[in-house]
Amino acid sequence: MAEYDVVIIGGGPGGYNAAIRAGQLGLRAACVELRGTLGGTCLNVGCIPSKSLLHASELYELAVKDFAGLGIDVEAKLNLPAMMKQKAESVGQLTKGIEFLFKKNKVDWIKGAGRLAGPGKVEVTAPDGTVLILETKAIVIATGSEPAPLPGVSVDQGRIVDSTGALDLPEVPKHLVVIGAGVIGLELGSVWRRLGAAVTVVEFLDRITPTLDGDTAKTLQRTLTKQGMVFKLGAKVTGATLTNKGVTLNIEPAAGGPAETLEADYVLLAIGRRPFTQDLGLETAGVTVDRRGFIETHHFATNVPGIYAIGDVTQGPMLAHKAEDEAVACIEVISGKAGHVNYAVIPNVIYTFPEVAAVGATEEELKADGVAYKVGKFPFSANSRAKVNHEAEGFVKVLADANTDKILGVHMIGPDVSEMIGEYCVAMEFGASSEDVARTCHPHPTRSEALRQAAMGVEGWTMQV
Ligand code: FAD
Ligand code: NAI
């Protein structure tokens, strides 16, 4: 008789959602987590603390630079320790919330490091060194990811930090150099620039955010540059040396050429993340990984019967909501239901100002696949609400199949687009055409009207100016 129906290794968005869904479905479930709190990367050192600092720093910059333009005279003063404290409080409340949900759904939180220990067995080494064997019918691996290293640049969480260190700097840097113009670099670079740092972003490629639709990436780069962020594209960092003043970086053009140095008091390394499977016993268990270390799955099942994997440790976008959707579907499959994730409708957001939000195919992808498509585009400068709010940067772009009008992709850059992309996710889940959105009444005056106007633009009948 197995002790559990399912044991989940990892308590992040993949692991905790799997555990809660298992509890809801009446399965005897345990979640093994080595960190002192639940919530994984996302709640502890990822989505949540970064959005807390993005929100606070955005308000600070608004108060310093933009309130006067709205007729409000204030003298804003930064209190960095207080900003960090409110961030920590939000994180604490949310991680405690997961503990409450575990209790409510009768999930056991087993504290320690989990390891595969033969068919139906998970060995847990508790923080005090005691070892426990859990017996279970099914195992779900949800051990997440960790920052990718760069040879020659050793992260010490002092002067050279990864995202975790960058969420807790003790002071506003004078000059922060960010290595990697991806999501983390731009979000955390924005936080520190808003709080007063000079920020230089060094990127290997000749464009920022390589997976974004090119149109959006160009607008984002232009806007961030206007805000004061400096980009050094097509450049690679070959080494970082600690000095008594900070850090000296050696930089070379990616295409070859003379090297140069760059001085910084802090460096943020953010060149991507890699799956975390250290000491998990994958090899002994015979679980197959791809050449980059991601666990290979088919409908959440690994090649070993009874072992499943979800979230960042598997292939696909490294996003909390992807991990959450896989968690629910995986547990439903384990309990004999028809769990399913629609990978064509997983939105993607960058929480800079303005924000970027996207779902579905980019123009570049449609061109590469030879798909005939039509474009409807609407600028926020022609949206009345954005205009009166003095936030008229950006656009909404809808890509629809030229033959069927089915929506294939949506790309937005503008204020609060993270809150608006969900409308298009629902539309795409229901297989909507651009005309479906174009003929749906939207409230006036709202920024959401831009969503409709872009859809109207697919057939050329945009009206608002
Ligand atoms: P994780 O959240 O990494 O959780 C894995 C857990 O497993 C960890 O707690 C780890 O301690 C534990 N673990 C590992 N090995 C073991 C073991 N052997 N035994 C026991 N426990 C183990 N995504 C978004 O969608 N939106 C965002 O805004 C966003 N912002 C981010 C900001 C930053 C700075 C970072 C770094 C990431 C951000 N992400 C964001 C990505 C998001 O955090 C991840 O996609 C998400 O956390 C993945 O969930 P997961 O459950 O797969 O893994
Ligand atoms: P990323 O993959 O988004 O960007 C990494 C960037 O670094 C790329 O532009 C890449 O070309 C560049 N790069 C790679 N090697 C380099 C080198 N040697 N020198 C200079 N540049 C180099 O990775 P990032 O920003 O570290 O984020 C990791 C993941 O975390 C993201 O892919 C995302 O899945 C997740 N995340 C999601 C967020 C969100 O949803 N808003 C926020 C933060 C993280």
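Order of appearance sets the numbers: ligands from 1, and atoms from 1 within every ligand.
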Just jot down the ligand 1 atoms closer than 4.0 angstrom to any heavy atom of [X], in number order.
X      : value
Gly311 : 52 (O)
Gly112 : 19 (N), 20 (C)
Ser50  : 32 (C)
Val45  : 34 (C)

Does Tyr351 come within less than 4.0 angstrom of ligand 1, counting non-hydrogen atoms of the residue?
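Yes.
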Can Arg273 be said to touch ligand 1, with heavy atoms closer than 4.0 Å?
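Yes, that is the case, since the closest heavy atom of the residue is under 4.0 Å from the ligand.
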Based purely on interatomic distance, does [X] place a nitrogen or oxygen under 3.5 Å from a nitrogen or oxygen of ligand 2?
X      : value
Ile184 : yes
Glu187 : yes
Pro210 : no
Glu203 : yes

Among [options], whose heavy atom sits nearest [atom]?
atom                    : options                       : answer
atom 23 (O) of ligand 2 : Ser418, Gly182, Gly272        : Gly272
atom 5 (C) of ligand 1  : Gly10, Ala142, Gly40          : Ala142
atom 37 (C) of ligand 1 : Ser163, Gly281, Ser418, Gly46 : Gly46

Considering only the protein, which heavy-atom contact is closest to [atom], and what is its distance?
atom                    : answer
atom 22 (C) of ligand 2 : Ile271 CG2, 3.6 Å
atom 8 (C) of ligand 1  : Glu33 OE1, 3.5 Å
atom 39 (C) of ligand 2 : Val349 O, 3.4 Å
atom 33 (C) of ligand 2 : Met318 O, 3.5 Å
atom 18 (N) of ligand 2 : Leu150 CD1, 3.5 Å

Decide yes or no on side chain to side chain donor-acceptor pair (under 3.5 Å) for Asn44 and Thr95, but give the supporting numbers first.
CA-CA 8 Å; Asn44 290 284; Thr95 56; 5.0 Å; no
Close approach, Val237 and ligand 2, non-hydrogen under 4.0 angstrom:
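Val237 does not count as a contact of ligand 2 under the 4.0 Å cut-off.
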Are the charged groups of Lys96 and Glu99 less than 4.0 angstrom apart, N to O?
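Glu99 and Lys96: salt-bridged.
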Does Asn348 approach ligand 2 within less than 4.0 angstrom via side chain, backbone, both or neither, non-hydrogen atoms only?
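For Asn348, no heavy atom sits under 4.0 Å from ligand 2.
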Polar contacts were defined as any N/O atom of the residue lying under 3.5 Å from an N/O atom of the ligand; does this apply to Gly14 and ligand 1?
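Indeed, backbone or side chain, Gly14 has an N or O that close.
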pair Tyr343-Lys322: side-chain heavy atoms closer than 4.5 Å:
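They are in side-chain contact.
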